[in-house]
Structure formats: structure tokens, C-alpha cells
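See structure below.
These numbers come from the heavy atoms of this one structure, side chains and all, not from hydrogens, waters or symmetry mates. Counting starts at 1 for both ligands and their atoms, in listed order. The residues of the chain are indexed from 1 along the displayed sequence.
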Amino acid sequence: MSRRVVFAVAQLGPIHLDSSRKAVVKRLVDLMREAHARGAKWVTFPELALTTFFPRYVYNDVEEYDRFFEEELPSPETQPLFDCARELSIGFYLGYAEKTVIDGKVRRFNTSVLVSPNGDIIGKYRKIHLPGTKDPIGDAEFEHLEKRYFEVGDLGFPVHKSEVGRIGMCICNDRRWPETFRVMALKGAEVFMLGYNTPTRNIHYNEPAHLREHHHRLSLESAAYQNGAWVMAAAKCGSEDGFTMIGGSAIVAPTGETVARAVSEDDELITHNCDLDLGAYIRRSVFNFAKHRRIEHYGLITTQTGVEIEE
Ligand code: CDT
């Protein structure tokens with residue numbers, strides 16, 4: 001039986017500070033309708049898809065940044081997206097800022113959910129590799145304060161069984177770390193979904209602009225090939241109130257080849273008819289984990305964080 005499924009990646013152009021949730025949700029619904037018209041069964045939306053990329057700004061009081069967080073999902077404002085998914089029988093990945101209460105304590109995470117084609121949330125992931133700093137660095141054009149506004153995720157890297165195959169989730173900076181994908185692949189993930197907001201400029205060092213896109217693509221293509229899985233990567237991009245972010249949303253095959261790529265820095269849908277069995281030969285041969293992994297030599301990966309040089 002063929003395991004061909006059309007997947008869509010819904011790139012978003014800028015969301016400004018004064019953009020309303022209602023307007024953003026309408027854009028997401030429009031993209032979902034377009035995905036359905038093109039035969040897609042699943043759509044991947046970006047990281048923090050409901051608001052501007054607020055970690056670029058310095059806020060000192062929780063009252064100033066609370067408005068970027070969702071206390072419930074679906075909420076009255078996001079309900080139309082869930083209703084549309086149910087109506088069209090289409091599943092989706094959505095990134096958002098999560099505010100929740102655990103054991104009586106308010107917690108905040110950079111989160112994504114996986115919503116099944118019947119509109120039910122079947123999985124949640126909380127971003128683990130938070131980039132940037134907790135305190136402003138001060139002399140940059142903008143900040144990257146994810147460590148200020150979010151806690152490190154506490155759910156590991158879950159993989160969820162869907163009606164089309166096993167789907168794993170991660171978020172933005174996670175894609176630069178091979179550990180992210182290997183853990184999900186060891187749980188049998190066949191599709192990795194991720195959203196991102198990647199500034200075109202690196203505030204920590206002077207990195208040529210073309211390298212930002214190159215490293216993004218390199219991360220996706222190596223993750224796909226080294227794990228024999230499909231990658232769906234959705235950008236929020238363009239100029240948000242003058243702060244620019246890369247586009248380059250992509251669908252990458254288990255062969256490591258990019259098969260669809262967004263060309264704009266605006267709302268744009270890309271799709272591909274994906275053969276979910278395409279990665280099987282890779283997982284049977286060169287990346288047959290059970291046969292070839294040498295875990296007796298990998299201990300440092302989980303016992304040591306930074307580089308330690310023996311003199
Ligand atoms: N949102 C997010 O995680 N952005 C980071 C910027 C890191 S700068 C090297 C990213 O990995 O794209």
C-alpha cells in the first residue's frame with residue numbers, strides 16, 4: 001500500500017507588534033484552506049506563529065510581555081483554526097508562547113502542538129535548546145532574550161503516532177543540534193516538523209548574511225539524511241517592525257534533498273507529495289541504527305556538556 005501523503009509548509013510573512021491575533025489567525029486559516037485545496041493532509045506553521053518575535057525586545061515587567069502568551073489552546077481567538085482543521089480534516093503543527101500553571105506555579109514555555117485532523121491536540125513539545133541570553137547584551141540593534149521569557153522544555157523530544165505516520169516536533173534552534181533528531185529517530189519518527197524565527201543578522205558575531213541561510217539548510221538536509229526522515233520547516237520571516245528574518249521554508253526528503261522551498265518573505269504555502277517509505281532503505285542500510293550505532297563510545301554526549309581537553 002502506498003504511503004504517499006501531501007504535506008504542506010505554511011510560511012508566514014511578518015507579524016508586527018500591533019497585528020491582532022484575529023488577523024493572524026485569519027492568515028493561518030487562509031493558508032490551511034489553500035493547503036486543503038492542494039490536497040495536503042498536514043500543515044506545519046512557524047514557531048511563535050501567533051505574535052511578533054517578541055524575544056527581540058527587552059521587557060522588565062511580566063505585565064508588558066504577558067500579552068504574547070496563550071493561557072489556553074484553543075482559545076476564543078484561535079478556535080477558528082481548530083474548527084477549520086476539523087472541517088477540512090487536516091492536521092497541523094503550531095508554535096506559540098505557552099503560559100501554564102504546574103503545581104500552583106506559573107510557567108512559560110516556547111511550545112508547539114500537534115493537532116490531529118479531527119481538531120484534537122495529540123501532542124505537545126516545549127523548546128529545549130533556547131538560544132540567546134537572559135539579560136540584554138545592550139550594544140546590539142536588537143536582543144535575543146528567549147532565556148529570559150521561557151524555561152527550558154520539560155517534555156523531551158516526543159514522537160506521536162498519526163493516521164499517516166510517526167511525527168516528531170522541535171523548534172527553531174533545536175534544528176542546529178543533531179541530538180534533537182537522533183532522539184526522535186530512535187523513537188521511530190518518520191517526519192520532523194519544526195517552525196523557526198531566524199534573524200538575518202547574528203547579534204553575537206559578524207556572520208555574513210548568506211551563511212544564515214546556508215546553516216539553516218545544512219541543518220535540515222543533514223537531519224533528514226542522517227535519520228532517513230522527512231523534514232517540514234516553516235519560517236516566520238521578512239521585516240517585523242524593521243527587524244528582518246530569513247525565509248527559506250522547506251520540505252526536505254529523507255535523501256537529504258530539498259524538494260520544495262519558499263521563494264518569498266511573505267505568507268506562502270509549499271507542498272510536496274511525500275512517500276513516507278522513501279527513508280526505509282536508508283534506515284535499513286547506512287543508517288541501520290540497530291546494526292551500526294556504537295553506543296559504548298557515545299557516553300560523553302549525555303554526561304558532558306562543554307568541551308573538556310585532557311592535558
Ligand atoms: N528562534 C530561534 O531559535 N532563533 C535562533 C537564532 C539563533 S542565532 C544563531 C535560530 O536558531 O535560528
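The shortest N or O to N or O distance between Glu47 and ligand 1 is under 3.5 Å.
Numbered from 1 in the order shown, with element, the atoms of ligand 1 that lie under 4.0 Å from a heavy atom of Phe53 read 1 (N). Residue-ligand proximity, Asn197 to ligand 1, at heavy-atom distances under 4.0 Å covers atoms 1 (N), 2 (C), 4 (N). Residue contact check: Asn173 has heavy atoms under 4.0 Å from atoms 3 (O), 11 (O) of ligand 1. Listed by number with element, the atoms of ligand 1 under 4.0 Å from a non-hydrogen atom of Pro131 are 2 (C), 3 (O), 5 (C). Per-residue contacts place Glu146 under 4.0 angstrom from the following atoms of ligand 1 (heavy atoms of the residue considered): 1 (N), 2 (C), 3 (O).
When each of Lys124, Lys127, Arg107 is paired with Glu98, the salt bridge (Lys or Arg N to Asp or Glu O under 4.0 Å) condition holds for Lys124 and for no other. Of the options Glu146, Glu240, Glu141, a salt bridge (Lys or Arg N to Asp or Glu O under 4.0 Å) to Arg56 is made by Glu240 and by none of the others.
Protein heavy atom in closest approach to atom 3 (O) of ligand 1: Lys127 NZ, 2.7 Å. Considering only non-hydrogen protein atoms, atom 12 (O) of ligand 1 sits nearest to Thr198 OG1, 2.6 Å. Remark: minimum distance from atom 2 (C) of ligand 1 to any protein heavy atom is reached at Cys172 SG, 2.8 Å.
Heavy-atom proximity to atom 8 (S) of ligand 1, evaluated over His204, Arg176, Arg212, His144, is greatest for Arg212.
Of all the heavy atoms of Tyr196, none lies under 4.0 Å from any atom of ligand 1, so neither backbone nor side chain is involved. Proximity of Arg201 to ligand 1, defined as any heavy-atom pair under 4.0 Å, is not found for any part of the residue.
Aromatic ring orientation, His216 versus Tyr196: tilted (interplanar angle from 30° to 60°). Taking the six-membered ring where tryptophan is involved, the planes of Phe54 and Phe68 are essentially parallel, since the angle between them stays under 30° and well short of 60°.
At least one test fails for Arg293 against the ring of Tyr298: distance under 6.0 Å to the centre or angle within 45° of the axis.
Checked for salt-bridge contact, Asp66 and Arg108 meet the test: a charged N lies under 4.0 Å from a carboxylate O.
Checked against a 6.0 Å centroid threshold, the rings of Phe287 and Tyr225 count as neighbours.
When atom types are taken as modelled, the side chain of Glu213 and the backbone of Ile246 share no donor-acceptor pair closer than 3.5 angstrom. Between the side chain of Asn197 and the backbone N or O of Glu47 there is at least one donor-acceptor pair closer than 3.5 Å.
Ligand 1 is never approached by His216 to a heavy-atom distance shorter than 4.0 Å.
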